[in-house]
Amino acid sequence: MRTALSIAGSDCSGGAGIQADLKTMTMNGVYAMSAITALTAQNTTKVEKIVETSPDFLKSQLDMIFTDIFPDAVKIGMLPNARLREVLAERLRFYQAKHIVLDPVMVATSGSILMETSAVLTLKKELLPLAELVTPNIPEAEILSERKITTPEEIEAAAEFIGKTYHCAVLIKGGHSVNTANDLLWADGQMEWFYGRCIPNPNTHGTGCTLSSAIAANLAKGYSLSTSVQRAKKYLSGALSAMLDLGAGSGPMNHAFCLTGEFS
């Protein structure tokens, strides 16, 4: 069995973060592991408290994983401060981790800024050059490219700038200000649009976590980057189309929409 590691924050309500990543990776056929960067007290309506993991404890988690069950792919999510990013980058270089998918988690769907300025600088310097793929939403792509994005042409220009600047592939996700379900992949100078239909589901908590984890799982299984994105986008559409409705706010998706068998 292929393996994948999620390095992210915990969502106690189960819709995003580590919990969404583990569900997604399992449903996409790999053995899922986790290194937790922060504990959050949150539900579908708000994030009430965040307790950050210490850099030393993050290092210990990574050492235990990489020295025993080496991951075939790594997904990186929430990293709330610069020191955690520095430790993570050093350990990923030390172990020569492969198939790193970075979900920058700078701006929430609600528009809330989730990352300190110093952490953004460390992200650009330390982690982006290590990533095989970075998966920003529109507001995050605006931060990384230092430009406003409102049209498909501006998405293409931003993706090319990010890719050439940080030497990684870029998947800019639709939605937000462009109001489409179309995503653009820039890799090795080539652009590929992945077109999708807008699913009228208000419960979209954890979509970014889910997409990046599904991509990592498919890379772990040996699929190409383009095919991994295509398969992940199809899985995300299925999870949204299941129309799970839990909680009073923007609720989670049904990550197990395609689960069948005796124990389901």
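In this chain, residues are counted from 1 in sequence order. Only heavy atoms go into these numbers, but all of them, side chains included; no hydrogens, no water, no symmetry mates.
- Closest non-hydrogen pair, R83 versus P55, comes out as CG-CG, 3.3 Å.
- Using a 4.5 Å heavy-atom cutoff, the side chains of W186 and E156 are not in contact.
- Defined by atom type and a distance below 3.5 Å, a donor-acceptor pair is missing between the side-chain atoms of R231 and S226.
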Test side-chain hydrogen bond (donor to acceptor under 3.5 Å, both in side chains) applied to D183 and Y195, step by step: CA-CA 7 Å; D183 304 331; Y195 297 100; over 6 Å; no

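- Note that CE of M253 and CG of L244 are 9.5 Å apart. Values are rounded to the nearest 0.5 Å.
- Counting only distance, with no hydrogens or angles, the side chain of T37 and the backbone of M78 share a donor-acceptor pair below 3.5 Å.
- Annotation: cation-pi pair R147/F161 present, NZ/CZ under 6.0 Å from the ring centroid and within 45° of its normal.
- Across all their heavy atoms, L123 and P104 have their closest contact at CD2-CB, 4.3 Å.
- When side chains are defined from C-beta on, N182 does not count as touching K173, because their heavy atoms never get closer than 4.5 Å.
- Heavy atoms of other residues, nucleotides or ligands lying less than 6.0 angstrom from CZ of F194 number more than 12.
- There is no path of hydrophobic side-chain contacts, each under 4.5 Å, that joins V87 to L121.
- A distance of 11.0 Å separates CG of L39 from CD of Q42, quoted to the nearest 0.5 Å.
- For the pair E126 and R93, the salt-bridge criterion is met [side-chain N within less than 4.0 Å of a carboxylate O].
- A side-chain N or O of S10 and one of Q19 form a donor-acceptor pair less than 3.5 Å apart.
- Between the side chains of T210 and H255, a donor-acceptor pair is found at a separation under 3.5 Å.
- Counted by atom type alone, S228 and N218 present zero donor-acceptor pairs between their side chains at under 3.5 Å.
- In this structure, L84 and F57 have side chains that are not in contact, with every pair of non-hydrogen atoms separated by 4.5 Å or more.
- Residue T135 comes nearest to E140 through the heavy atom pair O-OE1, 4.3 Å, listed as atom of the first residue, atom of the second, then distance.
- Residues S6 and K75 have side chains that never bring a donor and an acceptor to within less than 3.5 angstrom of each other.
- Atom CG of N201 is separated from atom CE of M243 by 4.5 Å, given to the nearest 0.5 angstrom.
- Counting only distance, with no hydrogens or angles, the side chain of N203 and the backbone of G251 share a donor-acceptor pair below 3.5 Å.
- Of all non-hydrogen atoms in D103 and C209, the two that sit nearest each other are OD2-N, 3.7 Å.
- Considering all non-hydrogen atoms of both residues, T3 and P71 come closest at OG1-CA, 3.1 Å.
- Hydrophobic clustering, with ILVMFWY side chains joined whenever heavy atoms are under 4.5 angstrom apart, groups I138 together with L144.
- Here the OG-CG distance, from S13 to N43, works out to 6.5 Å after rounding to the nearest 0.5 Å.
- D68 contributes no side-chain N or O that, together with a main-chain N or O of M64, makes up a donor-acceptor pair within less than 3.5 Å.
- Using a 4.5 Å cut-off on side-chain heavy atoms (C-beta onward), L127 and T122 make no contact.
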Side chain to side chain contact (heavy atoms under 4.5 Å, CB included), that's the test. Do E154 and T151 meet it? Break it down for me. CA-CA 5 Å; E154 290 171 343; T151 67; 3.2 Å; yes

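- Here the NZ atom belonging to K221 is positioned 11.5 Å from the OG1 atom belonging to T227, to the nearest 0.5 angstrom.
- Hydrophobic cluster membership is shared by L58 and L92, with clusters built from Ile, Leu, Val, Met, Phe, Trp and Tyr side chains linked at under 4.5 angstrom.
- Side chains of S34 and L22 form a contact here, defined as non-hydrogen atoms less than 4.5 Å apart.
- With rounding to the nearest 0.5 Å, the separation of CG in L128 from SG in C168 is 5.0 Å.
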Please evaluate residues R197 and S241 with respect to the criterion side-chain hydrogen bond (donor to acceptor under 3.5 Å, both in side chains), reporting the C-alpha separation (whole Å), side-chain torsions for both, the decisive distance (0.1 Å), and the verdict. CA-CA 11 Å; R197 61 185 179 90; S241 297; 3.1 Å; yes

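- Checked against a 6.0 Å centroid threshold, the rings of Y235 and F257 count as neighbours.
- In this structure, I7 and L88 have side chains that are in contact, with non-hydrogen atoms separated by less than 4.5 Å.
- A 4.5 Å side-chain heavy-atom check between L184 and V170 finds every atom pair outside the cut-off.
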Could you walk me through whether W193 and I155 pass the side chain to side chain contact (heavy atoms under 4.5 Å, CB included) test, one step at a time? CA-CA 11 Å; W193 280 96; I155 292 176; 4.0 Å; yes

Residue pair Y166, L102: steps toward the side chain to side chain contact (heavy atoms under 4.5 Å, CB included) verdict: CA-CA 12 Å; Y166 301 106; L102 173 60; over 6 Å; no

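- I215 and L130 are assigned to two separate hydrophobic clusters, defined by single-linkage of ILVMFWY side chains at heavy-atom distances under 4.5 Å.
- Between I76 and V101, the closest side-chain pair of non-hydrogen atoms is not below 4.5 Å.
- No continuous path of ILVMFWY side-chain contacts below 4.5 Å connects V134 to V229, so the two sit in separate hydrophobic clusters.
- In this structure a side-chain-to-backbone donor-acceptor pair under 3.5 Å is missing from T204 to S250.
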Could you walk me through whether L211 and L171 pass the side chain to side chain contact (heavy atoms under 4.5 Å, CB included) test, one step at a time? CA-CA 11 Å; L211 181 66; L171 180 71; 4.0 Å; yes

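- Judged purely by atom type and a 3.5 angstrom limit, R91 has no side-chain atom pairing as donor or acceptor with the backbone of L62.
- Between K148 and E142 there is a salt bridge, with a side-chain nitrogen of the basic residue lying less than 4.0 Å from a carboxylate oxygen of the acidic one.
- A217 approaches M25 most closely through the heavy-atom pair CB-CA, 4.3 Å.
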